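See below for the structure under consideration.
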Amino acid sequence: MITDDAISVRRPRRWDEPMDPLMSDADVVWLRDQAPFATLDPAAFPKSIPLDGILRNDCRLHQFTHGEVIAREGDYANSAFLLLDGHAELLTRELPPECLGRRETEKVSWPRAIWKLLKPSGVREARRGDEVIPNVDLHESSHHADERPPVLQLQDFDGLVQAGQSVRLGPGELFGEVAAMYRAPRSATVVSQGNSRLLEIRLQGLKMLRRDPAFSKRMDDHYRENWLPLHLKEIPLLRFLPEQNLQRVVAATIQRSFGRLEWNADYKKTRTLSPAEQIASEPVVATEGHQVTDLIIVRSGFGRVCQNYGAAQRTTAYLGKGHLFGLEEIALGVTNPDGPINLPLQHSLRAVGFLDTLHIPVECFATEILPHVRRSELPRAAAQAILQTKGNAEARERRSEKRPKVDLPIVCDTGRSQSNEETWQDLPSPTGTSFEPTGLLEFIVQNRFNNGREAMIIDLHRCTRCDDCVKACASVHDGNPRFARVGVNHDRLQFVQACMHCTDPVCMIGCPTGALHRDEATGHVHVSENICIGCGTCAKGCPYGNIEMASVNDPKGRPYTDEASNRPITKATKCDMCSGLPSGPACAAACPHDAIVRIDLSESPPLEHWLRRRT
């Protein structure tokens, strides 16, 4: 119901707030003459989103000086960079957080937080004017000061370059596109070498540019030539591979994708199926009983490892980024004391939604990789077989020699203890994540909760249904809580319908303005309400139903309405992890019985440790 004192405003549109308000007509004309834009076909873009519009509104020009950080490893990417002039160095060495200017999220003081709880506004979904629509008039004077991150100068940059711990990037190089497209953290730090000029392209524009076949192919070729070697080096199994061997591995590696990147539409249909039907509906990557032909590396997405169990299949683990499949069968077959043999796969691998993989042929693994792998990095049975292999002693000695210490994830032993204390132990980190008992694993994968980085779980043995958690959330968010104490149950656990700030936040896929974005430091998914147009695409796209559209009012309770249609102005609302509150999420802080936890389900140890403390 619209009251007489409603505030009429113009509903935000896609390009109301361009990425770079200082982008001029001359800049756009100049960019159109630069590679790769000079070869793009303007007819490949819709009239409503033309190529010139993408360059003007979805791009930002940057000038960097020598030693200035362009992109930081670990920051969640919402954009890619194209190097126009000058050079940059991609650092292959991981730097400590203090060198990269990492800072904790600024928190409000305790007195201010308490005052807000004791003196709520009394108006549901109250917003200031600048939180409803972008302040277009002030863009030229304030946008860059407010939006552009502070300059970060790397102190020992020249020393890192001289030590050979970097890769040179030149004009025409595109970087950060993989992290942006897959909504993932950046995998390396990039620093300007001398003065450089770059074009930053946000995700929405990058997706539109890929509509041009030539640009899409250029991105794929560029990844294979420049980034695939670096990504392979990040895998612990390949970290001691000589450069000439690595190049041959790169040439033999095949990139494959299974399922759809926009997997949320399929999930809404398959989540109601039984586990057997859901498994049967998932794309098959490798089949149990078939001869192993490739070492499979997960580049993005999730895979289900399952095994025949009677007439059905049983889930034994799930794979995420960096995990391997088929390593044990390949290693055992290649290292057989009596000569190489072909071992059948002991499990099947299926794509859970979307799965992007790299495939290294068995022959390439045997000749190029295995001679440079330490025994401690192989499955136990394969490592023992190497000692019995008829081969020259020098090769076995090389595998046994001590190597310089490298700060990389440690590969756990493959032996599984049957003691009660270790029934939750993970599989080795390269080969996947496994929960015990199996029922909980099936439940988590069935509902895709393994996608959640901040899943909200309630221990029903402790919960008294007092709803203090909901009340606390409501008091922080203008009387409108960001979750309801409902959700699916597994034994004593309730998985609550609250934003999980997913590893793969598919809600971001369709956002036309970029209002839905990741916080670069925490990875939490936030809504920039001033550029949210209220289209509801994210609410429809969230597989878990954890985003809602809400009508907003001014601090005096007067509703905002669209001046064109006179309809209420709506904004996407969701859990924001109470960012800025010193207590952290108010729901967990307010629970008097310690029944609530916000937890990362992409790996099993956090949940295992939490449950173990309660038994």
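Along the sequence shown, the residues carry numbers beginning at 1. No hydrogens, no waters, no symmetry mates; every other heavy atom, side chains included, goes into these values. It should be emphasised that the depicted structure is a prediction, and the values quoted were computed from it without experimental measurement.
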Item to check | Whether R598 side chain and G584 backbone form a donor-acceptor pair below 3.5 Å | outcome: no

Checklist entry - Which pairs count as salt bridge (charged side-chain N to carboxylate O under 4.0 Å, His left out) when at least one residue sits in residues 292-302, sequence neighbours excluded? => result R299-D356

Next on the checklist: Is there a side-chain contact (heavy atoms from CB on, under 4.5 Å) between M456 and F483? Walk through the geometry before answering.
Outcome noted: CA-CA 10 Å; M456 183 175 179; F483 76 97; 3.4 Å; yes

Checklist entry - How close do A80 and L174 get, heavy atom to heavy atom, and via which atoms? => result CB-CD1, 4.4 Å

Next on the checklist: Determine whether a donor-acceptor pair (N or O, by modelled atom type, separation under 3.5 Å) exists between the side chain of K571 and the backbone of A550.
Outcome noted: no

Next on the checklist: Looking at C578, is its backbone amide N or carbonyl O close enough to the side chain of D576 to form a donor-acceptor pair, meaning the two atoms are under 3.5 Å apart?
Outcome noted: yes

Checklist entry - Does any non-hydrogen side-chain atom of Y182 lie less than 4.5 Å from one of D504? => result no

Checklist entry - Stepwise, does the salt bridge (Lys or Arg N to Asp or Glu O under 4.0 Å) test hold for R248 with E368? => result CA-CA 8 Å; R248 289 191 284 269; E368 306 295 343; 3.0 Å; yes

Checklist entry - So which heavy atom on C364 is nearest to which on A252, and how close? => result SG-CB, 4.0 Å

Checklist entry - Are the side chain of H222 and the backbone N or O of R218 linked by a donor-acceptor pair below 3.5 Å? => result no

Next on the checklist: Return the CG to SG distance between N546 and C507, rounded to the nearest 0.5 Å.
Outcome noted: 9.5 Å

Checklist outcome for this item: The reported gap from CD1 in I599 to CD in E454 (rounded to nearest 0.5 angstrom) is 9.5 Å

Checklist entry - What do the steps show when you test F175 against L90 for side-chain contact (heavy atoms from CB on, under 4.5 Å), and what is the final call? => result CA-CA 10 Å; F175 59 91; L90 182 144; 5.6 Å; no

Next on the checklist: Using a 3.5 Å distance criterion without hydrogens, assess whether the side chain of T253 forms a donor-acceptor pair with backbone atoms of L358.
Outcome noted: no

Next on the checklist: For D58, give me all partners under salt bridge (Lys or Arg N to Asp or Glu O under 4.0 Å), at least two apart in sequence or on another chain.
Outcome noted: R14, R202

Checklist entry - In Å, rounded to the nearest 0.5 Å, how long is the span from CD of Q313 to CD of E282? => result 9.5 Å

Item to check | is_close_aromatic(H372, F240), centroid dist under 6.0 Å | outcome: no

Next on the checklist: Quick one, M508 and C538 - any side-chain contact, counting heavy atoms below 4.5 Å?
Outcome noted: no

Checklist entry - Would you call the rings of Y223 and H231 parallel, tilted or perpendicular if under 30° counts as parallel and over 60° as perpendicular? => result tilted

Item to check | Distance-minimising heavy-atom pair for G333 and L343 | outcome: N-CD1, 3.7 Å

Checklist entry - Under the side-chain contact (heavy atoms from CB on, under 4.5 Å) criterion, do M181 and L206 qualify, and how do the steps go? => result CA-CA 8 Å; M181 293 298 295; L206 189 65; 3.7 Å; yes

Item to check | For E329 against P344, the heavy-atom pair lying closest together | outcome: CG-O, 3.5 Å

Item to check | Atom pair CG/NZ of L355 and K321 - distance to nearest 0.5 Å | outcome: 13.5 Å

Checklist entry - So, does Q446 use its side chain to make a donor-acceptor pair with the main chain of L273 at under 3.5 Å? => result yes

Checklist entry - Hey, are the side chains of F365 and L237 touching, using non-hydrogen atoms and a 4.5 Å cut-off? => result yes

Checklist entry - Parallel, tilted or perpendicular for H501 and H524, by the 30°/60° rule? => result tilted

Next on the checklist: Checking side-chain polar atoms at under 3.5 Å, does R453 have a donor or acceptor matched by the opposite partner on T503?
Outcome noted: no

Item to check | Test of ring centre spacing under 6.0 Å for F354 and F302 | outcome: no

Item to check | Side-chain donor or acceptor of N447 paired with backbone N/O of F443 under 3.5 Å | outcome: yes

Item to check | T189 side-chain N/O to E73 backbone N/O, donor-acceptor pair under 3.5 Å | outcome: yes

Checklist entry - Atom NE2 in H359, atom CD in Q255: separation rounded to 0.5 Å? => result 10.0 Å

Checklist entry - For S79 and E200, does a side-chain donor sit closer than 3.5 Å to a side-chain acceptor? => result yes

Checklist entry - Is the CD atom of E288 crowded by more than 12 outside heavy atoms at less than 6.0 Å? => result yes

Checklist outcome for this item: The single option from Q278, R304, Q307, H347 that satisfies side chain to side chain donor-acceptor pair (under 3.5 Å) with T315 is R304

Next on the checklist: Is the shortest side-chain heavy-atom distance between W227 and L232 below 4.5 Å?
Outcome noted: no

Item to check | From L246, L238, V249, residue fulfilling side chain to side chain contact (heavy atoms under 4.5 Å, CB included) relative to P229 | outcome: L246

Item to check | Test item: N450 side-chain N/O and Y318 main-chain N/O as donor-acceptor pair under 3.5 Å | outcome: no

Checklist entry - Is it true that the side chains of H526 and S528 contain a donor and an acceptor less than 3.5 Å apart? => result no

Item to check | Reported CG-to-CG distance for the pair L607 and L440, which is rounded to 0.5 angstrom | outcome: 6.0 Å

Next on the checklist: Counting C-beta onward and ignoring hydrogens, is there a side-chain heavy-atom pair between V284 and L349 closer than 4.5 Å?
Outcome noted: no

Checklist entry - Given I458 and V597, is the side-chain contact (heavy atoms from CB on, under 4.5 Å) satisfied, shown in steps? => result CA-CA 7 Å; I458 294 179; V597 67; over 6 Å; no

Next on the checklist: Could you tell me if the side chain of I54 sits less than 4.5 Å from the side chain of I49, heavy atoms only?
Outcome noted: yes

Next on the checklist: For the backbone of L82 and the side chain of E173, can you confirm whether one donor and one acceptor N or O come within less than 3.5 Å of each other?
Outcome noted: no

Checklist entry - Any idea which heavy atoms bring I596 and C587 closest together, and the distance? => result CD1-O, 3.7 Å

Next on the checklist: Check D221 with K217, please: is the shortest side-chain N to carboxylate O separation under 4.0 Å?
Outcome noted: yes

Checklist entry - Given side chains that start at C-beta, do those of V305 and L319 come closer than 4.5 Å, heavy atoms only? => result yes

Item to check | Beyond-backbone contact of D594 with R462, side-chain heavy atoms, under 4.5 angstrom | outcome: yes

Checklist entry - Any ion pair linking R492 and D459 (charged N to carboxylate O, less than 4.0 Å)? => result yes

Checklist entry - If you look at every heavy atom in P185 and A179, which pair is closest and at what distance? => result O-CB, 3.8 Å

